[in-house]
Number of protein chains: 2
Amino acid sequence: MKNGGFHSGRRSCFVIDRLSKKDRHQRLIQLIDENPFVTDRELTRQLKVSIQTIRLDRMELGIPELRERMKQMAEHSYDQVRSLSLEEVIGDVVDLQLDKSGISIFEIREEHVFSKTRIARGHYVFAQANSLAVAVINDEIALTSSADIRFLRQVHLGEKCIAKAYVRSIPGQKGKAKVEVFTYVADEMVFQGNFVIYRSTGE
Amino acid sequence: MKNGGFHSGRRSCFVIDRLSKKDRHQRLIQLIDENPFVTDRELTRQLKVSIQTIRLDRMELGIPELRERMKQMAEHSYDQVRSLSLEEVIGDVVDLQLDKSGISIFEIREEHVFSKTRIARGHYVFAQANSLAVAVINDEIALTSSADIRFLRQVHLGEKCIAKAYVRSIPGQKGKAKVEVFTYVADEMVFQGNFVIYRSTGE
DNA sequence: CAAATATTAGAACCTGGTACTAAAATAAAG
DNA sequence: CTTTATTTTAGTACCAGGTTCTAATATTTG
């Protein structure tokens with residue numbers, strides 16, 4: 001053995017000594033998590049064990065090699081970019097009757113909440129309602145003109161928001177539509193909004 | 001030569017013949033753009049040229065090898081995830097006087113606009129204002145209670161939104177603060193919002 | 001036709017591994 | 001204190017997907 005104390009470290013009676021297998025595994029997971037772009041060779045320096053040990057460890061832990069990790073990240077981001085650019089609406093629209101009504105579902109995930117309180121940031125709840133209000137209008141161009149909104153209670157991590165939109169056309173004005181949106185978690189109303197949507201009819 | 005017509009295609013008098021160098025370059029760019037995970041070997045099949053030609057072409061066009069492409073995508077997505085999870089606020093807060101006022105800047109990028117019209121989705125403009133309204137409140141917990149908003153004109157791709165927030169405390173109610181936000185592009189006001197923010201004072 | 005350009009072939013080498021065999025070192029059990 | 005089991009290290013052959021370099025053919029152009 002190369003490392004360890006002067007008398008080639010028996011037990012762990014020396015300060016700078018190898019970690020136990022279990023500890024090393026934990027550290028390995030941590031290191032790769034912190035920097036997924038680390039090579040096995042770099043890991044040998046950090047963990048003071050041979051490259052074979054690193055590779056055995058990765059096997060046991062089911063951690064793929066660097067190139068495979070990068071490939072997976074690349075594929076993931078590729079999919080994400082594709083789906084994001086398709087995401088014309090925040091939340092899944094499950095029902096849509098153009099110029100009448102619509103329903104969308106949106107689940108509050110980690111990225112939508114304040115990390116401290118785990119309460120959803122208002123603009124995500126608004127975004128779901130706004131997207132739905134725009135989607136429900138049967139027009140080439142539909143833009144939010146103004147809105148009057150109310151957050152009735154906090155929405156927490158993991159909760160499913162069901163937004164229901166109803167189109168109430170404004171009789172006098174042709175280029176504008178009024179859309180009412182109510183968002184529920186289970187039976188409880190958490191958000192209420194009155195949107196005035198600009199539409200491009202007759203242009 | 002291996003491909004081409006029966007008499008080993010002189011000129012381009014045969015139908016199934018190699019493309020010109022220029023056309024091949026265009027096709028190569030297109031193929032890699034469509035599927036960045038394609039190997040050189042797969043490209044030889046598509047373009048009917050040798051692997052050396054593919055590699056020369058990539059050189060000339062400055063297209064890196066598959067592994068480098070994957071690495072770049074992986075790094076890009078890693079950075080994005082990191083910055084997204086750190087993004088406590090939409091827009092850069094450039095000035096903040098707690099319980100008084102604040103300014104944030106937010107540039108409209110591709111991902112914020114309707115692909116058809118290149119006009120910003122309302123909820124991004126709202127999100128900037130909402131984030132700023134919450135940030136300007138000097139409290140552990142600050143949540144949007146209600147808002148009254150107006151989109152004064154469309155914001156386009158590439159425009160920089162400068163949001164200014166002013167706290168107007170509500171004298172009667174202790175747990176609520178009123179925040180006015182005005183968003184400008186250059187000198188033009190594009191958005192106006194009155195937010196009522198719930199605050200946790202004295203709790 | 002000759003000269004210039006484009007294409008192909010092939011060998012050596014690189015990174016970051018896998019798969020496998022085998023020998024040490026260390027720990028645990030009898 | 002041995003013997004056995006586990007853990008760690010060493011070393012070789014091999015792989016994908018390349019780069020880099022030299023050299024030989026095609027093909028096009030003047």
Side-chain angles (χ1 to χ4, degrees), chain A residues 1-14 16-28 31-32 35-75, chain B residues 1-14 16-28 31-32 35-75:
Chain A
M1 92 182 267
K2 280 177 180 171
N3 341 62
F6 297 133
H7 291 115
S8 59
R10 54 174 102 147
R11 299 280 164 88
S12 28
C13 54
F14 285 83
I16 306 158
D17 212 354
R18 289 203 242 71
L19 298 91
S20 77
K21 195 174 177 178
K22 219 172 177 180
D23 289 347
R24 179 156 40 76
H25 278 194
Q26 284 309 307
R27 187 97 186 88
L28 187 76
L31 283 169
I32 292 177
N35 175 21
F37 298 95
V38 70
T39 62
D40 287 358
R41 194 156 300 282
E42 275 172 44
L43 288 167
T44 62
R45 285 166 211 143
Q46 307 261 336
L47 296 174
K48 309 282 183 198
V49 287
S50 72
I51 203 156
Q52 282 79 358
T53 304
I54 299 287
R55 286 167 180 173
L56 270 171
D57 287 357
R58 271 201 300 100
M59 288 243 173
E60 285 180 47
L61 294 167
I63 298 169
E65 61 168 296
L66 168 59
R67 285 167 174 170
E68 190 53 37
R69 295 197 301 267
M70 292 199 301
K71 191 184 174 188
Q72 283 174 15
M73 291 177 73
E75 280 171 342
Chain B
M1 106 180 252
K2 280 177 181 170
N3 340 62
F6 297 132
H7 291 114
S8 60
R10 54 175 103 145
R11 299 282 165 88
S12 27
C13 53
F14 285 83
I16 307 156
D17 212 352
R18 291 202 239 69
L19 298 88
S20 76
K21 195 174 179 178
K22 218 173 179 180
D23 289 347
R24 179 155 41 76
H25 279 193
Q26 284 308 308
R27 186 98 184 89
L28 187 77
L31 284 168
I32 293 177
N35 175 22
F37 299 96
V38 71
T39 62
D40 287 359
R41 196 154 299 284
E42 275 173 42
L43 288 167
T44 62
R45 285 167 211 141
Q46 307 261 336
L47 296 174
K48 309 283 183 197
V49 287
S50 72
I51 203 157
Q52 282 81 357
T53 303
I54 299 286
R55 284 166 181 173
L56 270 171
D57 286 356
R58 272 200 300 99
M59 290 243 173
E60 285 180 46
L61 295 168
I63 298 170
E65 62 167 298
L66 167 60
R67 283 165 175 172
E68 190 54 36
R69 295 196 301 267
M70 293 199 301
K71 191 183 175 188
Q72 284 175 13
M73 291 176 74
E75 279 172 341

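Since the structure is predicted, the reported quantities are computational estimates derived from the model, not experimental observations. Every heavy atom of this structure was used, including side-chain atoms; hydrogens, water molecules and symmetry mates were not. In what follows, chains carry the letters A, B, and so on, assigned in the order in which the sequence lines appear, proteins first and then strands, with residues in each chain numbered from 1.
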Distance test, side-chain N/O of Thr39(B) to OP1/OP2 of dG17(D), below 4.0 Å: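 Checking Thr39(B) against dG17(D): no side-chain N or O falls below 4.0 Å of OP1 or OP2.
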Thr53(A) side chain near dT8(D) phosphate (N/O to OP1/OP2, under 4.0 Å):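 So the side-chain polar atoms of Thr53(A) never come under 4.0 Å of the phosphate oxygens OP1 or OP2 of dT8(D).
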Quick check: closest heavy atoms across [X] and [Y], and the distance to 0.1 Å?
X: Val49(B); Y: Thr44(B); answer: O-CB, 3.3 Å
X: Lys71(A); Y: Phe37(B); answer: O-CE2, 4.4 Å
X: Glu60(A); Y: Lys21(A); answer: OE2-NZ, 3.2 Å

Pairwise distance CD(Glu42(B)) to CG(Leu66(B)) - rounded to 0.5 angstrom: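 So the CD of Glu42(B) and the CG of Leu66(B) are separated by 9.0 Å.
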Nearest-0.5 Å distance, CE of residue Met70(A) to CZ of residue Arg67(B):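 Here the rounded value is 8.5 Å.
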Within residues 57-70 of chain B, residues whose heavy atoms come under 4.0 Å of DNA chain D: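 Within this stretch, Arg58(B), Met59(B), Glu65(B), Leu66(B), Arg67(B) sit under 4.0 Å of the strand.
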Beyond-backbone contact of Leu31(A) with Leu47(A), side-chain heavy atoms, under 4.5 angstrom: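 The answer is yes, as the side chains (C-beta and beyond) meet within the 4.5 Å cut-off.
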[N] [atom2] sits how many Å from [X] [atom1], rounded?
X: Arg55(A); N: dT15(C); atom1: CZ; atom2: P; result: 13 Å
X: Ile54(B); N: dT20(D); atom1: CD1; atom2: P; result: 17 Å
X: Leu47(B); N: dT7(C); atom1: CG; atom2: P; result: 11 Å
X: Gln52(A); N: dG16(C); atom1: CD; atom2: C1'; result: 13 Å
X: Lys22(B); N: dT28(D); atom1: NZ; atom2: C1'; result: 17 Å
X: Asp40(A); N: dA19(C); atom1: CG; atom2: C1'; result: 14 Å
X: Arg41(A); N: dC14(C); atom1: CZ; atom2: C1'; result: 13 Å
X: Asp23(A); N: dT8(D); atom1: CG; atom2: P; result: 11 Å

Sugar-phosphate only, base, or nothing, as touched by Ile51(B) at under 4.0 Å among non-hydrogen atoms: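 Counting heavy atoms under 4.0 Å across all strands, no contact is made by Ile51(B).
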Leu61(B) and Ile32(B): CA distance, side-chain angles, deciding distance, side-chain contact (heavy atoms from CB on, under 4.5 Å) verdict: CA-CA 12 Å; Leu61(B) 295 168; Ile32(B) 293 177; over 6 Å; no
Nearest to side-chain heavy atoms of Arg24(A), which nucleotide of dA6(C), dT7(D), dG18(D):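 Per side-chain heavy atoms of Arg24(A), the pick is dT7(D).
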Short side-chain to backbone donor-acceptor contact, Arg69(A) and Pro64(A), under 3.5 Å: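 Confirmed, Arg69(A) side chain pairs with Pro64(A) backbone.
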Axis-to-axis angle between the two ends of the helix from dC1(C)-dG30(D) to dG30(C)-dC1(D) (five base pairs per end, rounded to 10 degrees):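 It comes to 0° between the two terminal axes.
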Candidate list Arg58(A), Met59(A), Gln52(A), test side chain to side chain contact (heavy atoms under 4.5 Å, CB included), partner Arg55(A), passing option: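 Exactly one option meets the side chain to side chain contact (heavy atoms under 4.5 Å, CB included) with Arg55(A), and it is Arg58(A).
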